[in-house]
Number of protein chains: 2
Amino acid sequence: MKRGHHHGDLREALLTAGQHLLDREGIEGVTIRACARSAGVSHAAPINHFPDRRALLTALAVQCMDQLDRQTRDALALAEPAPRARLEALWDVSVAYGQAYPNRYRLMGRADLRDTEDPALKDMLERLLEPIAALGAQLVPGRLAARSLVLALCAALTGYVFMMIDGNLATAHDPDSGQPLHRAILDLLLAGQG
Amino acid sequence: MKRGHHHGDLREALLTAGQHLLDREGIEGVTIRACARSAGVSHAAPINHFPDRRALLTALAVQCMDQLDRQTRDALALAEPAPRARLEALWDVSVAYGQAYPNRYRLMGRADLRDTEDPALKDMLERLLEPIAALGAQLVPGRLAARSLVLALCAALTGYVFMMIDGNLATAHDPDSGQPLHRAILDLLLAGQG
DNA sequence: AATGCAAATTGACAGTGTCAATATCTGGAT
DNA sequence: ATCCAGATATTGACACTGTCAATTTGCATT
């Protein structure tokens, strides 16, 4: 069934090699030639599956987004129905993912490394926005206010995770209340509406 | 007066060359060899002033942070005394800077490219945090609440600017109210405290 | 079985960061 | 004024990288 001509399924092998390289050595470390070496093929073999490095990194980023999206939807499926609780669950997932896989999160944040025209990427970006947009709409009456809230939630969440990843946070938890710091940000953002 | 041995002041020449390259070609484009070419010296001359590329990029980032800090303090000097107005002024400066020089803002966000031990960088980071920390303390009574607010403000601001830079914003202005979108985020963050 | 096409290899080129060895200039001592 | 020591710049090299062209290999369909 596989299209495997020589290798079996080189595309998949390159992606898992890339994932490992990404986790261990950072974005810089995920290079076409290193992935090829790790998959046991020659240095130019990947060109048949990814026209250039940009395409490889885009596919890798889409894979990471898919993981994050699945974890988010799984968590939401188990969360209580109250919008506030669901929003907390959503934030928790992203924060945990960034903590567990900082380099994957960094890759997802590097828009300059992506092929913006990739249809798989476009789909993924839409899918990723869906849950948070739904929660925003649920929390706030007007469509306009909802857009603002969603924007604020996205900006604050990604901004916070990157601060955390980059070590610009003294502590991850509030020393007094013991609750994670990102809870406090959510509190502030939702203080306005009941 | 200058320490100019061969070139006059190569370090400065490399930095301005780097700034131009950064603006025109992005971070990828600011390479040791390109800076050397632009300054009219051989490819290995920069090593005397910057031990490696990381050091060059760090110095460049510090320069950008200094520009942003100066513009911020200038704006605050002209702003009205009300904390809310001062906070708006501070956000306006960062948003405008990101819009005018997206690549400089991107460089400032790339903690992975910096030499964390650089004392000039450490100083600059402290100085950059100072105004926003002061405003947070002024806006909110307890030291703890102030820390949370400052964190939220930093995260939301940088997150928003990056969304804007990377083209993940449909519009930069609210089509109805006409006010810039980041105003709405500030509204949300400050809705809790009077 | 033969042919055509997709996949993989090999080899090359230009570009990069970084190092070692060498040459050159400058400022200050004699 | 001279001369020397050390900072500064050059040259050349090495190991990488992405990308391309030419070639070979292997599969599947005719």
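Below, each value reflects all heavy atoms present in this structure, side chains not excepted, and no hydrogens, waters or symmetry copies.
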Could you tell me the separation between the [atom1] atom of [X] and the [atom2] atom of [N], rounded to a whole number of Å?
X	N	atom1	atom2	value
R53(A)	dC16(D)	CZ	C1'	13 Å
I47(B)	dT10(D)	CD1	C1'	12 Å
F50(A)	dC20(D)	CZ	C1'	19 Å
D9(A)	dA8(C)	CG	C1'	15 Å
L10(B)	dC25(C)	CG	P	16 Å
H49(A)	dA7(C)	NE2	C1'	7 Å
D52(B)	dT16(C)	CG	P	17 Å

Are any of the side-chain nitrogens in [X] or [Y] under 4.0 Å away from the carboxylate oxygens of its partner?
X	Y	value
D118(B)	R114(B)	no
D112(A)	R106(B)	no
R86(A)	E80(A)	no

Indicate if I165(B) and I27(B) have the same hydrophobic cluster label, given that clusters are the connected sets of ILVMFWY residues with side-chain heavy-atom separations under 4.5 angstrom.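 Different clusters: I165(B) never reaches I27(B) through Ile, Leu, Val, Met, Phe, Trp or Tyr contacts under 4.5 Å.
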
Would the base of dG15(C) count as contacting H43(B) through its side chain, where contact means a donor and an acceptor less than 3.5 Å apart?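 For H43(B), whose side chain was compared with the base of dG15(C), there is no donor-acceptor pair (under 3.5 Å).
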
Is it the case that dA9(D) (base atoms only) and N48(B) (side chain only) share a donor and an acceptor within less than 3.5 Å, ignoring hydrogens and angles?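 Yes, a donor-acceptor pair under 3.5 Å.
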
Options dA8(C), dT10(D), dT18(C), nucleotide nearest the side-chain atoms of A45(A):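 So the nucleotide nearest the side chain must be dA8(C).
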
Take a 6.0 Å sphere around OH of Y101(A) and say whether it holds more than 12 heavy atoms from other residues, nucleotides or ligands.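 Incorrect, the count does not exceed 12.
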
Residues, nucleotides or ligands: over 12 heavy atoms within 6.0 Å of R110(A) CZ: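 Yes.
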
Where along residues 20-42 of chain B does a heavy atom fall under 4.0 Å from DNA chain C?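 T31(B), I32(B), R33(B), R37(B), in order of number.
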
